[in-house]
Amino acid sequence: QVQLVESGGGLVQAGGSLRLSCAASVPTFSNNAMGWFRQAPGKEREFVAAISGGGYTTWYAASAKDRFTISRDNAKNTVYLQMTSLKVEDTAVYYCAPVRQGQRWTPLYDSWGQGTQVTVSS
């Protein structure tokens, strides 16, 4: 039983910043690693970043390194993605989900929210 509500997306100029939020109703939220994924037009959903349950460890896709920062506030059951130096190729619908790491980052429950649209203009 998982409910995920992403927010914070919008239209931003290249080089700008956005902070995405994900309000998660997840069993024992603080024990779950959380991740961000995105799906660009014409492409498959791809992993962006993940953070451990306690927030002490983070992982990033190469495309996100040095530009994006994932964080979480377990008291608020919320995970964030701070995006800076945005590029046109960051344009996508962004989703959050509880995740596990195996061969690839995978959502625990195969449950996705509606996502939040990020559009970066040139």
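When reading the values below, keep in mind they use all heavy atoms of this one structure, side chains included, and skip hydrogens, waters and symmetry mates.
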Do Met83 and Val118 pass the side-chain contact (heavy atoms from CB on, under 4.5 Å) test, and can you show the C-alpha distance, the side-chain angles, and the key distance before you say yes or no? CA-CA 10 Å; Met83 306 187 294; Val118 172; 3.8 Å; yes
Specify the closest pair of heavy atoms between [X] and [Y], including all atoms of both residues, with the distance to one decimal.
X: Phe29; Y: Val79; answer: CZ-N, 4.5 Å
X: Ala24; Y: Met34; answer: CB-CE, 4.0 Å
X: Leu86; Y: Val12; answer: CD1-CG1, 3.5 Å
X: Ala64; Y: Val48; answer: CB-O, 3.7 Å
X: Phe47; Y: Ala61; answer: O-CB, 3.4 Å
X: Glu6; Y: Tyr95; answer: OE2-CA, 3.4 Å

Go through the steps for Lys76 and Ser21 under the test side-chain contact (heavy atoms from CB on, under 4.5 Å), then give the verdict. CA-CA 11 Å; Lys76 298 180 178 180; Ser21 298; over 6 Å; no
After noting the C-alpha distance and the side-chain angles of Cys22 and Tyr94, does the key distance pass the side-chain contact (heavy atoms from CB on, under 4.5 Å) rule? CA-CA 10 Å; Cys22 170; Tyr94 285 70; over 6 Å; no
Quick check on [X]: does its [atom1] atom have over 12 non-hydrogen neighbours (other residues, nucleotides or ligands) under 6.0 Å away?
X: Glu44; atom1: CD; result: no
X: Gln114; atom1: CD; result: no
X: Gln117; atom1: CD; result: yes

First locate atom [atom1] of [X], then atom [atom2] of [Y], and finally report the distance between them rounded to the nearest 0.5 Å.
X: Phe68; Y: Ser17; atom1: CZ; atom2: OG; result: 9.5 Å
X: Ser111; Y: Leu4; atom1: OG; atom2: CG; result: 7.0 Å
X: Ile51; Y: Asn32; atom1: CD1; atom2: CG; result: 12.5 Å
X: Trp105; Y: Glu46; atom1: CH2; atom2: CD; result: 15.0 Å
X: Glu89; Y: Arg38; atom1: CD; atom2: CZ; result: 8.0 Å

Centroid-centroid under 6.0 Å between Phe37 and Trp112 rings: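 Yes, the ring centres sit under 6.0 Å apart.
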Under the side chain to side chain contact (heavy atoms under 4.5 Å, CB included) test, residues paired with Ala49 that sit two or more places apart: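 Result, side chain to side chain contact (heavy atoms under 4.5 Å, CB included) vs Ala49: Tyr60, Ile70, Leu81.
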Check whether any side-chain heavy atom of Pro107 lies under 4.5 Å from a side-chain heavy atom of Arg45, and answer yes or no.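 SC-SC contact between Pro107 and Arg45 ruled out.
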Would you check if the side chain of Thr91 reaches a backbone N or O of Val120 as a donor-acceptor pair within less than 3.5 Å?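 Side chain of Thr91 to backbone of Val120: a pair is present.
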